[in-house]
2 protein chains.
Amino acid sequence: MTREAYYGIILLKLKIIFNKKEPFVPFGPRWLEARFRGCGFRWTFPRQVILDVLTKEKKHLSAEDIFLKVHKRYPGIGLTTVYRTLELLFNMGLVRKYEFGDGRARFELSQGPGIEHHHHLICRKCGKIIDYKDFVEDEQKLIKDLEERLSKKHNFKIETHQIHFYGLCSNCS
Amino acid sequence: MTREAYYGIILLKLKIIFNKKEPFVPFGPRWLEARFRGCGFRWTFPRQVILDVLTKEKKHLSAEDIFLKVHKRYPGIGLTTVYRTLELLFNMGLVRKYEFGDGRARFELSQGPGIEHHHHLICRKCGKIIDYKDFVEDEQKLIKDLEERLSKKHNFKIETHQIHFYGLCSNCS
DNA sequence: ATATTGTTGGAAATGATTTTCAATAATATT
DNA sequence: AATATTATTGAAAATCATTTCCAACAATAT
């Protein structure tokens, strides 16, 4: 099967599922498996390991970071599979993808027990990334307001947002 | 001169100048030239043309976009020079660099007459980018507040921020 | 137990960006 | 104004993250 057909089917599957219902599954012990099967995808070992890494290491990992961690446990796994799985998870709405400016994308699980909405501080000198989840209430209020107004004005359906702060971390300033 | 030494010198120059004074020059007719010379850089023709393009086309251009426009007027110019100039301008604080997730960086002049602080809406389907500069006052207040608190808490010196909204544009939803 | 077909790994390809290096052009010096 | 100095440039090659191709494989359906 060509790549185009393969991903065409994936997107189609997701579209159908998402139109039928919110693919929400309670965060029980096997909710990820349920989510995969619910969307018609296979619950394979590589996917399990990648998701386990994402679940345990919550913070902005690059594809290579994930590959290295996964590789330790399951040396047979390929970098390609990591990229493919991340793309699938992104399309499923399970991971967020960030580009902070150093040329490599970062990924984070966006749903699950203990996952909180947050944004990032990025040091322009050493590249260190710090999460912050403070003052979310204030932000949420502004953003919600903003989203409503922007949606109307530009006829744009906003789904997510990212806020990046750039500057110098304690070591570099 | 090796690349490392060359850029070492550039960064050193910038550091010295920026420590001595705010490299601000009133936005007169030749303020860009003054800014360049003031930092010890040469005011070359390629740089002039690139800056002219950035000044006229204000919106989130990729390096290739800029190259193509510049190339029309001065076919001798190389893509390498465009990348190099953009890096220099970024280090001088004259351009902002964005990565919206499609694998290519976007650049915008960040200072000059008529340049306004703004953020972006990005369509996840067609990649269209819309600027918005509405409601900046509300945002500024929150952001300023946030910056102060984050600076203290994480001992992080915030210099800039970016807000990206992702969703579906009017054509794609 | 077997057939079906979605998924995988590795190698090769891609595309944006960076590096190298000799030639050139902007500025400083005479 | 002529020459010396050195920052800057362009083209080709290199690099690096990510994607594609394709034959082998493994998860699920029959």
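Here is the naming used below: chain letters follow the sequence lines, and residue numbers restart at 1 for every chain.
Between the CG atom of B:Leu79 and the P atom of C:dT19 there is a distance of 14 Å, given to the nearest Å. Computed from coordinates, the A:Tyr74 OH to C:dG9 P distance equals 5 Å when rounded to whole Å. Rounded to a whole Å, the OH atom of A:Tyr83 is 14 Å from the C1' atom of D:dT20. Put simply, CG on A:Leu86 is 12 Å from P on C:dT8, counting in whole angstrom units. Atom CZ of A:Arg47 is separated from atom C1' of C:dT8 by 9 Å (rounded to the nearest Å). When the P atom of C:dA25 is taken as reference, atom CD of B:Gln48 falls 14 Å away, rounded to whole Å. Between the CZ atom of A:Phe67 and the P atom of C:dG9 there is a distance of 9 Å, rounded to whole Å. The distance from atom CD1 of B:Ile77 to atom P of C:dA25 is 13 Å, rounded to the nearest whole Å.
The C1' atoms of five pairs define one axis at each end of the helix from C:dA1-D:dT30 to C:dT30-D:dA1, and these two axes lie 30° apart (to 10°).
For the pair B:Arg149 and B:Asp145, the salt-bridge criterion is met [side-chain N within less than 4.0 Å of a carboxylate O].
Between B:Thr80 and B:Glu64, the residue whose closest nucleotide on DNA chain C is further toward the 5' end is B:Glu64.
With sequence neighbours excluded, the residues that form a ring-ring contact (aromatic ring centres under 6.0 Å, His included) with A:His119 are A:His117, A:His161. Not counting sequence neighbours, the partners of B:Phe67 by the ring-ring contact (aromatic ring centres under 6.0 Å, His included) test are B:His71. Residues passing the salt bridge (charged side-chain N to carboxylate O under 4.0 Å, His left out) test with A:Glu33 are A:Arg30, A:Arg37, sequence neighbours excluded. Applying the ring-ring contact (aromatic ring centres under 6.0 Å, His included) criterion to A:Phe90, with sequence neighbours excluded, gives no partner residue. Contacts of A:Tyr166 classified as ring-ring contact (aromatic ring centres under 6.0 Å, His included), with partners at least two apart in sequence or in another chain: none. Listed by chain and residue number, A:Asp131 satisfy the salt bridge (charged side-chain N to carboxylate O under 4.0 Å, His left out) test with A:Lys59 (two or more places apart in sequence, or in another chain).
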Checklist entry - What is the per-nucleotide protein-contact pattern of nucleotides 24-30 of chain D, from the 5' end, where B denotes a base atom under 4.0 Å from a protein heavy atom, S denotes such proximity for sugar-phosphate atoms only, and - denotes neither? => result --BBS--
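A pairwise comparison of heavy atoms in B:Val82 and B:Ala63 identifies CG1-O, 3.7 Å as the closest pair.
Counting distance only, with no hydrogens placed and no angle test, the side-chain atoms of A:Arg84 and the base atoms of C:dG9 include a donor-acceptor pair under 3.5 Å.
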Show me the donor-acceptor pairs, under 3.5 Å and distance only, between side chains in residues 92-102 of chain B and residues at least two apart or in other chains.
| residue | atom | partner | partner atom | Å |
| --- | --- | --- | --- | --- |
| B:Asp102 | OD1 | B:Arg104 | N | 3.3 |
| B:Asp102 | OD2 | B:Arg106 | NH2 | 2.5 |

